[in-house]
Structures are given as C-alpha cells and as structure tokens.
Protein chains: 2
Amino acid sequence: MAETLRIALAGLGTVGAGVIRLLGENGGLIAQRAGRPIEITAVSARDRTKDRGIDISSYAWEDDMTVLAAREDVDVVVELVGGSDGPALALARKALAAGKDLVTANKAMVAHHGLELGELAESQGAAMRYEAAVAGGIPAIKGLGEGAAANRIERIYGILNGTCNYILSEMESTGRDFADVLGEAQALGYAEADPTFDIEGVDAAHKLSLLAALAFGTRLDFDAVATTGISRIRAADIAQARALGYVIRLIGLADCENADGSRHLFQRVAPYLVPVSHPLAGVGGATNAVVAEGNYSGRLLFEGAGAGDGPTASAVVADLIDIARGNVPPPFSLPVSQLEASAPADPGNRRNRAYLRFLVADRPGVLAEITAAMRDAGVSIESMIQQGQPGDEDDPVLVAMVTHEGPEGAVERAMELLAGSPSLADEPLVMRLLG
Amino acid sequence: MAETLRIALAGLGTVGAGVIRLLGENGGLIAQRAGRPIEITAVSARDRTKDRGIDISSYAWEDDMTVLAAREDVDVVVELVGGSDGPALALARKALAAGKDLVTANKAMVAHHGLELGELAESQGAAMRYEAAVAGGIPAIKGLGEGAAANRIERIYGILNGTCNYILSEMESTGRDFADVLGEAQALGYAEADPTFDIEGVDAAHKLSLLAALAFGTRLDFDAVATTGISRIRAADIAQARALGYVIRLIGLADCENADGSRHLFQRVAPYLVPVSHPLAGVGGATNAVVAEGNYSGRLLFEGAGAGDGPTASAVVADLIDIARGNVPPPFSLPVSQLEASAPADPGNRRNRAYLRFLVADRPGVLAEITAAMRDAGVSIESMIQQGQPGDEDDPVLVAMVTHEGPEGAVERAMELLAGSPSLADEPLVMRLLG
C-alpha cells in the first residue's frame, strides 16, 4: 500500500472529534478506498485538557495552531476552527503557502477569502477542498462541480440552513409563532445562543455564494447576496401559505443572466413559498437539500443531513479520500484566474409571483389604499384574504395577498407607495413564490 | 491548455446523438472545467446513412466498431451500443486491452462482465467508468463511491427504473390497471415494445448489482439479485396501500450482514409499500432516486431524471471530464482484487411488515382458511380488509392484509400452506413495507 496521508487537525469541537472517531471506526475501509492509510499526526485546539470523549494522546499537540502548517510530518491541514478571519484564516494561509493541502468546513472563511485562498492553493499546486462547508454531509460540492460538470447550470437553489428549516417545520407542524419555536430550539441546542447568522440568512448566504461560483464559473461574491431571514414570519403566514398550497422555506437561489453583453449574477437568500408538490416542500427538520438545474441533466436534487458531527465528518473525510486518490480539481471547478467577474443582477426585472402580507388598522378605506397602491404600481392581485383577529378591536388585522406573475420592481414600487402610511401597523412582508 | 482528450463513440442512438450535441453545445465550458478540450475523433454505428439530426461528417467512421479500439487517435472509447454481450462487450474488451479508457452507459454489460472488465482496466492502467449506467443523469455512482466514501454503507436502495415508476405513478393518479397504463406507455414511447426487462425488474437488478458492489466492497453478483416485477400489481392494491398511508414503488434494495463469520449480501428488486412521508413516495413519473445510508453521513438521497438522451449524455460526459482531469478511482471504488466474495443472504430471517393480497372465491370458510394458515405459520395480522367486487357474484373477492413485523420466512410458510388451495383464484401477492 502507498504512503500514508498525514493529517493535522485544527479545532477539536464536535466536528473535529467526529473526524477523529470516523477515521478510527472506519479506518480500514477508508484506507482501502483511498488506496492508502489516512492518519492524524498532529492536532491543535484552544484547550488541550478539555474532555472530548476521545483519546488524543497519540497525536502531537501544538498550542499555536498555525505551527501545524510548518510541520514536516503533515501533508494535509484540516481546519475546523471556524470564523471567517482570525486563527482559521491565518492557518489556512500558512498551510497553503507551505504547499500543504487544505480541507475546511468553514463556509464563512471560504465565502470571504475563497478567491485569495484558491489562488494561493493553485500557485502552490496544493488542493483546497470544502465539501463540509455546504450542506453538511451531502456531497453537493462534488455533485455540482464534478457530477454536473458537463452542464451549463441554469439555476441552483436549496435549503441551506438546518436551523431555519427546523424552525419553519416546527412552526408549520405546531402552529406556534417564531419566537416561541426559536426559544425552544435554543433550549434544545438546535439553535445558537446568538442565532443571528442562522435566522437572518447569513449562514445560508455564505453557502450560496460558494455554490454560485461553482455553478456559474463566476468570481465568489458573497457581498452581493441579497439576504432576508425568517424572523418576521408569523404563524399566520404559514397558515395562509398552506391554504394556498405552499409551505415556507428559507431558500438560497442563484442564477446567471446575460444582459448588455455581460453576465449578471443573481444571488438571493430569502423565505420563499414552495409548492407542496415540489421536492423541497417535503424537506423538513434540519435536513438540507440542493437543487441544480443543468441544461442537459435537468433537475438534480441532493438531500441529507445539513449539520451534525457525523455528517460533517463524513464530508471532511470524503475530501481527504479524494486527496489521497489524487482527485484534486481546481477549488472552484475552474482555476480562479478563469472565474468571470460578474455584476450583480438587478432583481427589478425578474418576474415572479409574490405573497404580500400587511398588518393594518381595522378601519374603513385601508383595503382601498392598499389596492390602489397595487394598481398604481401595476401589480395584479390574484387572490386576497383579510383575517380579523379574535382580540381587541384595536388590534391590527392581517391582510394577505398573492400577486399574478409580474416584475419584482412593480411590487417594490407598490411598497414604496405605501411606505409610512398610518394605515399600516408594520412594514409589509414580501415573499416570492418558488417557480 | 493541455492536450485534447480524444473520444471514439460507438452507438449513435438517442444517447450517442445526445453526447454529440452536448459536446458541441457546452464544449467551451467543458474544456474549461476539464482543463483541456474533449473532442470526438471517430464514430461507429450500425447504419452510417441514417438521419440522426446531427452532423457526423467531421468524424472518422468505422463500419466495424471494434476497430475504434485500435485507432491511434483515440484515448477513450465511449460504448453506447447496449446489450450485455455481443459487439458492446467485444468493443469494451478490445478498448481496455489496448489500454484505452472506457466509458459506458451499459448496465447489463457491467452487471454481467464488470469484474472481468474492471480487472482488465486495472491491469492496463485504464479507467472504466459507468455513471450513466445507473439512474441516468444522477451522479449516484460518484455520490456513493466518492461522496460517501468515508462511510460504512448500511443500506442502499432506490427507484432505479423510470418505466416502472412512470407506470406505478400513472396507476396511482388515474386508478387504471397495469395493462392499460403499460399499453399507453408503449404508445407514447415511454416503454419498450418488449417491456420485459423493465417491468420484470431486470433493468433495476442490473443497476442494483452495481450499486451493491460499490457500497459494500463486495464482488458484483447480479445472479443473486432476487427480482420481482410490477406486472401483478392491480389498481386495487394501489388503492389499499393508499388507504393505509403508502404508495407502491419498485425498489431495488441491498444491504450486507455479517453471519457465521462471513458477509452475506442481500439484494432484492421488488415492489414495496413506501410510507407517504418517505422522500421516495414523492418521486413520481420517470424520475429516479438513490438513497445511501452511511454510518456517519446518515441518509443521503440523490434524485433526478433516470433516463433520456440529455441526462444520460450529461452522465457520460461527466465521466469524460473526470478522465480528462485525471480522476480515475478503481471501477468499483476498490480494486477488483480487494472486492470480497459474499454469499447471498437468506431472506427468511429478515424482519419486515408485509402486505398480502388474495383473490378468493366468495364463499364461507375462505377467510378462516387464510387466517388459520397465518396462525399456523406464526404470522401476526395487523389489519385486514375484504372488498366485494361489484360484478358477478362468482367473481373473486379481494382480501388484503398487512402483517405485524416478523420474519419473512413465516410469511413464506403461510403462502406454502395455502398453495394450491381451491379457495384462491390466483397466487397471493406479497409486498414488503419499506422500513
């Protein structure tokens, strides 16, 4: 059997511990499939003495994790520290600069610094792989960058954040409101103490930006992801959507259009109404799913656990097996120098159906005001429902409507016409229907 | 840019023509992703003059397709002829023996001769790839052999035949009977004039045997796949299943158990009752889906178009891109010499719930006879329904039941006890519930 592939592991949280357990438990078959043994030689984490339920005594220890990158007995650095900058980025840079391969689960770091790191990897002839950074255990990066490589990808979208999907699924099945379910999810450990990155869609946006670069051969552009979270969704929205034949999912979606002779990349993370007949409507709980629409493959769907130590470790070690086998395509499927710069697409001309929800004062003329704004902005209403609330008569009333297909810009204009109206108790909520 | 990868294409049916169109239409991005151009240099098919809607005048033509394997200007032979033996096999052998890489969509050939061809490929340092042979455009071979490579696979199963799934979906949505829907599918071109390979499960069994070898590292054993088709399923079975919360799908399923110190491979293609909440229940029409359960990844699902020229061409060209990139793992993820011989598992001890359907004479004592056989064989009945038919009173009556979980052997014994009973108008139909 060929030479051992020697790994340094930085970060011994749940995923790091999972990688150690996985390489132990499945080590025999991994060596068979990889064609050579994969062994950890050195590790680093914040606290050497913490009890992680795993034995790390046989590995060399480094207090300074960036020193891992300089060790002679290390071929691949596995970065599981997290954070877009700081020690993770310092380690990644040093590892690649030293010509070592890099495997990371760090979506934030790749979203912010992927181009720099990818260029560094290419200039050093090193691999940079990040299967675990998107959709946990699902081989979505591989499916897109290799499995669908023959296709012009027309659209990529999916459920990329397990916490949001868990919360929305729970709201759906229990009828409870957002804050209530979030609190429970935090108590159960399904949501972070500070859940902002998850519920405001930032985590999904990190992942979407990686998928978009891979799918369209465009330069990573995380800053251009238009991001809306799920914190304003009410139980009543989910009930209305259901009555119309939809469920609500936080979707990351990207496509690439040609306009004025250049390519424009559209990237959005937002709650969408998904038809119950769509495969993503059946994806509940913390499950993730990625859909790629190729011009020859048609619709491909990859579904599985989006987080957790086992699935994430499975993706990390799949990257290690690929490296051991010598399967090291460019980090973004194309060399970084060939990725195309693309302007962000103007969403105003995109045609969609939209769900609009207003909380309004219960008094004469309010509906006329809303519908006049729609008319003046050129928005055509397909269906509308006004729902009195069984509380105080001063409580606001919920008005929900679904528009016919039309340009997003028209809906935006209608919202501008209504902005600041004393009839509205809250900013209107706009969600698109997944077409 | 590096050297061109030069392709010979044998077989110019719909898939072959699709590959030519795909390499033309997406040639620029394929060259970018592959790192070098992929070009067809020579082709062969039965009839040179047939109008295929594509221009083949720029390719060298060979009347004898096996001559493609000897051409100096060919690096990879793409075999799209079909058939387990005959010209396809002759070409595959000659191509590999000449040290050329082989890409094939031919599940029957790989199921019957994959070990021989794989050994030949390994001995010649050639690649042998067959992504298009399983589940059309879905990168299921890649997902399993690379994406899930870190896992001990506990079970693999899926919807592997689009024709059967189309027929079952149509029966489900229209309430029509099997023969009726099959006839329509044939008229529409969704089913072959001789549909035996599809509807009797042979095609799915070919694919399952490949997935099982990849998943479990066992030697290909197509002959050991226990195969039952869908031709005995009635509209009434689908209605009964639905009432119980299930849909019927033709499932290929394999797992590997350790017993008596050795590994036993279980491979079955049969109609199963699938809970409506299971993702496979939502897979309708000609769509395929493959589920792999890994000990770290958990449940992974890959879904997409299971056939058609575009999706199949997408998978063929993905293999070519991998070869161009130098990603050539062993044909069955492990070298053939390391694949383990495994005895077929005895299904008798497997524990399942089962759906049993009888057509019985409408006279006293028949139910007592059936239930006595169940009791004597140790089969515990969970629910039962007897449905009179609104026809002649001499028409047989349908009795359907679902058993509690128990060993399959017990159900088999009950069927033996009832065999030949004059009360039964037809052989009982046994389907398992997917657990």
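For the set B:I141, B:I30, B:N26, B:L320, the entry with the most heavy-atom pairs within less than 4.5 Å of chain A is B:N26. Ranking A:P311, A:P329, A:G304, A:A313 against chain B, the residue ahead of the rest is A:P311, based on heavy-atom pairs under 4.5 Å. Residue with the most contacts toward chain B among A:D309, A:T312, A:V317, A:N295: A:N295 (heavy-atom pairs, distance under 4.5 Å).
Contact annotation for B:E25: only side-chain heavy atoms (C-beta onward) come within less than 4.5 Å of a heavy atom of chain A. Interface remark: B:A148 contributes backbone atoms only to the contact with chain A (heavy atom separation under 4.5 Å). Only the side chain of A:R325 has a heavy atom closer than 4.5 Å to any heavy atom of chain B. Looking at B:D319, neither its backbone nor its side chain comes within 4.5 Å of chain A, counting heavy atoms on both sides. Contact of B:I321 with chain A is made through the side chain alone, with heavy-atom distances under 4.5 Å.
Between B:Y296 and A:G18, the shortest heavy-atom contact is CE2-O, 3.9 Å. Scanning all heavy atoms of the two residues, the minimum distance from A:S297 to B:S314 falls at CB-OG, 3.5 Å. Taking all atoms of both residues into account, the shortest heavy-atom contact from B:A318 to A:G147 is CB-O, 3.5 Å. Closest heavy-atom contact between B:A150 and A:L22: O-CD1, 3.3 Å.
Distance CD/A:E303 to CD/B:E303: 7.5 Å, rounded to 0.5 Å. Distance check: A:E340 CD to B:Q32 CD gives 8.0 Å after rounding to the nearest 0.5 Å. To the nearest 0.5 Å, atom CG of residue B:L29 and atom CZ of residue A:F216 are 12.0 Å apart.
A distance-only check finds a donor-acceptor pair linking the side chain of A:R33 to the backbone of B:N151 [under 3.5 Å].
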